[in-house]
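First the structure, in the form of structure tokens, and then the observations on it.
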Amino acid sequence: MAASIRTVVFLAMVLAVGFLMIILSCVLYGNWLPLLVALIFVLAPLPNALFAHCGSDEFAGSYEGGASGPVDLGRFITAMVVTSGFALPVVLAHAQVIHNAACIMSILGGGLVYGTILAYSAAFRQEESEFDDFAVY
Amino acid sequence: MSLPSRSYDPRRVCLNPFPDIDLGKHRRTAGVYLAGGLFALANWLFLDACILSAHAKAPWGQPDTPAPVHVTFVDWLPGLCSLLGFLVINLIDKDRIRGEESFSDARAVWRARLFLFIGFALMAGGMAGSVTVLVIKYVIPNHADQFKYYSYASISQNLALMLSVVILWIAQNSSSEYEYNLTL
């Protein structure tokens, strides 16, 4: 149990560092557009979470981790949003709306934020699926 | 999943077989994620060109002359065509294409194949249209490379959309065959 608490504290610190980098990339250059990156990465796991339980109640669907249309749609939209999060600062920097350093900092910060979300959900999913069922994940 | 007898297939044409990448049960998931990423990347590439065009005031080195060419609706058309083809291909029921007449009548299979053809024709038309726009609008008037980039972005958008739909198709089809093998 102590290990999981340590994990949670570590992930929270990484999340805070990620947000700090994004906010710094806004503050240092006086342009608050990179803050959109934080919003995009926070919203990224939402489609997956919304569509995760569509179609997993069926008998046949539980083989492939819920191989159904809505689940695929959720994954597709999540991948789209994550790619948008990386592409937005690059496009803004290319059009010289934001500084290049702000672009790199916001991408790093966004990657930290999204990585934290992924690691957190993965850690908790493991603890749940030890008891329930091995097939569905 | 690969049986040892699969290593030599008498129907094989090429000397080297296609690499059989076996991601196991995560193949469908990985394919769908990759397709979504490519889809977003395609549209961001073109949006990048549009934003650059909206901000571009002058050619390099000549700050007083206005930009000779901008992204207009003509540049948007191939991408829109490809997007429509993307929708059409993904709306098709994939079990119809396989054409097992015991499940469905032959006319439905014929119609599904027709729609698949229309979808791929739309995507290929988008691809060809973007190359046409490159030649007619940018190469023949001999604009600078700064402006040819708009059209290169459009071509990359169409290529990425095509790649995305192919990956999505393979990912969604292969898993059903896998499941079919598993249940038998």
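Note on naming: letters A, B, ... go to the chains in the order of the sequence lines (proteins, then strands), and numbering restarts at 1 for each one.
- Both B:W76 and B:Y150 belong to a common hydrophobic cluster when Ile, Leu, Val, Met, Phe, Trp and Tyr are linked at side-chain heavy-atom distances under 4.5 angstrom.
- Within a 6.0 Å sphere centred on CH2 of A:W32, heavy atoms belonging to other residues, nucleotides or ligands number more than 12.
- Both the backbone and the side chain of A:L88 have a heavy atom closer than 4.5 Å to some heavy atom of chain B.
- The shortest non-hydrogen separation linking A:A95 to B:I51 is CB-CG2, 3.5 Å.
- B:Y149 and A:H94 have perpendicular rings, their planes meeting at more than 60° on a 0 to 90° scale where under 30° would count as parallel.
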(request) Test A:V90 against B:W44 for side chain to side chain contact (heavy atoms under 4.5 Å, CB included), laying out the working first. (result) CA-CA 10 Å; A:V90 172; B:W44 274 108; over 6 Å; no
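- Under a hydrophobic-cluster definition in which Ile, Leu, Val, Met, Phe, Trp and Tyr are linked whenever side-chain heavy atoms come within less than 4.5 Å, directly or via other members, B:L163 and B:F86 are assigned to different clusters.
- A:V37 is connected to A:L118 through a chain of hydrophobic side-chain contacts under 4.5 Å among Ile, Leu, Val, Met, Phe, Trp and Tyr, so both are in one cluster.
- Neither the backbone nor the side chain of B:L45 comes within contact range of chain A; no heavy atoms are under 4.5 Å apart.
- Screening A:N48, A:D72, A:V82 against B:Y33 for a side-chain contact (heavy atoms from CB on, under 4.5 Å) leaves a single residue, A:N48.
- Shown here for A:T83 and B:L41, the closest heavy-atom pair between the two residues is CG2-N, 3.9 Å.
- Environment of OH in A:Y29: crowded, with over 12 heavy atoms of neighbouring residues, nucleotides or ligands closer than 6.0 Å.
- Residue A:I77 holds its CD1 atom at 10.0 Å from CZ of B:F39, rounded to the nearest 0.5 Å.
- A continuous path of ILVMFWY side-chain contacts below 4.5 Å connects B:V133 to B:V139, so both sit in one hydrophobic cluster.
- When all heavy atoms are compared, the tightest approach of A:M80 to B:G36 is CG-O, 3.4 Å.
- Hydrophobic clustering places B:Y138 together with B:F73 (ILVMFWY residues linked when any side-chain heavy atoms are closer than 4.5 Å, directly or through intermediates).
- Annotation: maximal heavy-atom pairing with chain A below 4.5 Å, among B:N43, B:L34, B:V32, B:L47, occurs at B:V32.
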